[in-house]
K.L.:
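Next up is a structure, given as structure tokens.
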Amino acid sequence: GSEAASEQGQEEEAEDRLKEHMDNLLDKSTKMRQAALQSLRLAFSSRILSEFLLERRIMLTDSLEKCLKKGKGEEQALAGTVLTLLCLQMGSGPEGEELFHSLKPVLISVLTDSTASPSARQSCAMALGMCCYIAAADLE
């Protein structure tokens, strides 16, 4: 019994940290947003969180969109990577497709922006390709 309670407590603590990182994506400080993106990247790549993310995907999508639009260089590159991992977490169902369609224009915008850093453009190209492969129902 105590092992299950301990495991439940650790999971709740991890979810609280994830919520805090998601809130930090809207911080005014670039360093804080980048740290939050790095933490989310690590969390999304190490655990399956699809149920947790399902109810928070719209807020997270909006936050990532802001990071891609208003951020520069490293922040955009991290946001592209987190977006790719989020798409992997959402899968090929309607949620993944909705995520892809909402952020596709922003990804293309960064990708085609000649003033964006090469790492940001590369990350957005990777995100666009992976999300298209995973979640685009339309063959074109």
Side-chain angles (χ1 to χ4, degrees):
S2 65
E3 274 186 40
S6 172
E7 194 173 299
Q8 173 118 15
Q10 287 176 339
E11 191 162 319
E12 286 174 8
E13 189 178 311
E15 286 183 4
D16 288 343
R17 281 195 309 269
L18 281 172
K19 289 175 192 172
E20 186 179 323
H21 297 316
M22 288 179 196
D23 290 341
N24 288 343
L25 289 178
L26 300 173
D27 198 275
K28 289 184 179 180
S29 162
T30 302
K31 287 191 185 298
M32 183 70 91
R33 290 192 310 268
Q34 286 180 352
L37 286 165
Q38 289 171 337
S39 297
L40 290 173
R41 179 184 66 188
L42 182 63
F44 292 2
S45 61
S46 60
R47 295 180 50 211
I48 296 174
L49 301 161
S50 45
E51 281 189 38
F52 173 81
L53 293 171
L54 200 56
E55 57 199 53
R56 293 167 182 83
R57 73 184 185 282
I58 294 171
M59 184 275 267
L60 190 52
T61 302
D62 290 344
S63 299
L64 289 172
E65 182 176 355
K66 286 181 178 127
C67 289
L68 286 167
K69 282 183 175 178
K70 296 185 167 114
K72 299 284 180 233
E74 181 70 16
E75 183 179 352
Q76 288 177 313
L78 284 167
T81 301
V82 171
L83 175 60
T84 302
L85 294 168
L86 178 61
C87 194
L88 281 167
Q89 292 272 350
M90 292 292 100
S92 61
E95 294 84 10
E97 190 175 345
E98 177 186 327
L99 172 73
F100 172 64
H101 284 294
S102 66
L103 287 177
K104 179 182 170 187
V106 181
L107 289 171
I108 291 172
S109 172
V110 175
L111 180 61
T112 57
D113 180 2
S114 61
T115 62
S117 76
S119 64
R121 294 173 74 185
Q122 183 267 332
S123 181
C124 288
M126 178 71 84
L128 188 63
M130 287 297 291
C131 293
C132 182
Y133 180 74
I134 294 164
D138 183 11
L139 293 177
E140 287 183 41

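Note that the numbering runs from 1 along the sequence shown for the chain. Remember, predicted model here, so these are calculated numbers, not experimental data.
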K.L.:
Could you check whether any side-chain N or O of S123 sits under 3.5 Å from a backbone N or O of T81, counting only pairs where one atom can act as donor and the other as acceptor?
P.N.:
yes
K.L.:
Could you work out, with salt bridge (charged side-chain N to carboxylate O under 4.0 Å, His left out) as the rule, every residue matching R17, not counting sequence neighbours?
P.N.:
E13
K.L.:
Nearest 0.5 Å please: distance from the SG atom of C132 over to the CD atom of E97.
P.N.:
10.5 Å
K.L.:
For C124, which residues count as a side chain to side chain contact (heavy atoms under 4.5 Å, CB included) partner, sequence neighbours excluded?
P.N.:
L68, L107, V110
K.L.:
Applying side chain to side chain contact (heavy atoms under 4.5 Å, CB included), name anything that partners K72, two or more places apart in sequence or on another chain.
P.N.:
none
K.L.:
Determine which pairs satisfy salt bridge (charged side-chain N to carboxylate O under 4.0 Å, His left out) with at least one residue from residues 33-46, sequence neighbours left out, and list them in order.
P.N.:
R33-E75
K.L.:
Nearest 0.5 Å, please: how far is CG in L86 from SG in C131?
P.N.:
8.0 Å
K.L.:
Listed by chain and number, what are the salt bridge (charged side-chain N to carboxylate O under 4.0 Å, His left out) partners of E95, not counting sequence neighbours?
P.N.:
none
K.L.:
What residues form a side-chain hydrogen bond (donor to acceptor under 3.5 Å, both in side chains) with S119, not counting sequence neighbours?
P.N.:
S117
K.L.:
Quick one: list whatever passes side-chain hydrogen bond (donor to acceptor under 3.5 Å, both in side chains) with S92, sequence neighbours left out.
P.N.:
none
K.L.:
Not counting sequence neighbours, which residues clear salt bridge (charged side-chain N to carboxylate O under 4.0 Å, His left out) with K66? List them please.
P.N.:
none
K.L.:
Taking only residues two or more places apart in sequence, or in another chain, which ones meet E65 in a side-chain hydrogen bond (donor to acceptor under 3.5 Å, both in side chains)?
P.N.:
K69
K.L.:
Rounded to the nearest 0.5 Å, what separation is found between the CZ atom of F44 and the CG atom of L18?
P.N.:
6.5 Å
K.L.:
Not counting sequence neighbours, which residues clear side chain to side chain contact (heavy atoms under 4.5 Å, CB included) with M22? List them please.
P.N.:
L40, F52, L53, R56, M59, L60
K.L.:
Drop me the distance from L49's CG to E11's CD, to the nearest 0.5 angstrom.
P.N.:
8.5 Å
K.L.:
Residues in salt bridge (charged side-chain N to carboxylate O under 4.0 Å, His left out) with R57, at least two apart?
P.N.:
E98
K.L.:
Which value, rounded to the nearest 0.5 Å, describes the distance between K70 atom NZ and T30 atom OG1?
P.N.:
12.5 Å
K.L.:
Report yes or no: does S39 contribute a side-chain atom to a donor-acceptor pair with the main-chain N or O of A35 at less than 3.5 Å?
P.N.:
yes
K.L.:
In chain order, what residues pass the side-chain hydrogen bond (donor to acceptor under 3.5 Å, both in side chains) check against D113, with sequence neighbours excluded?
P.N.:
T115
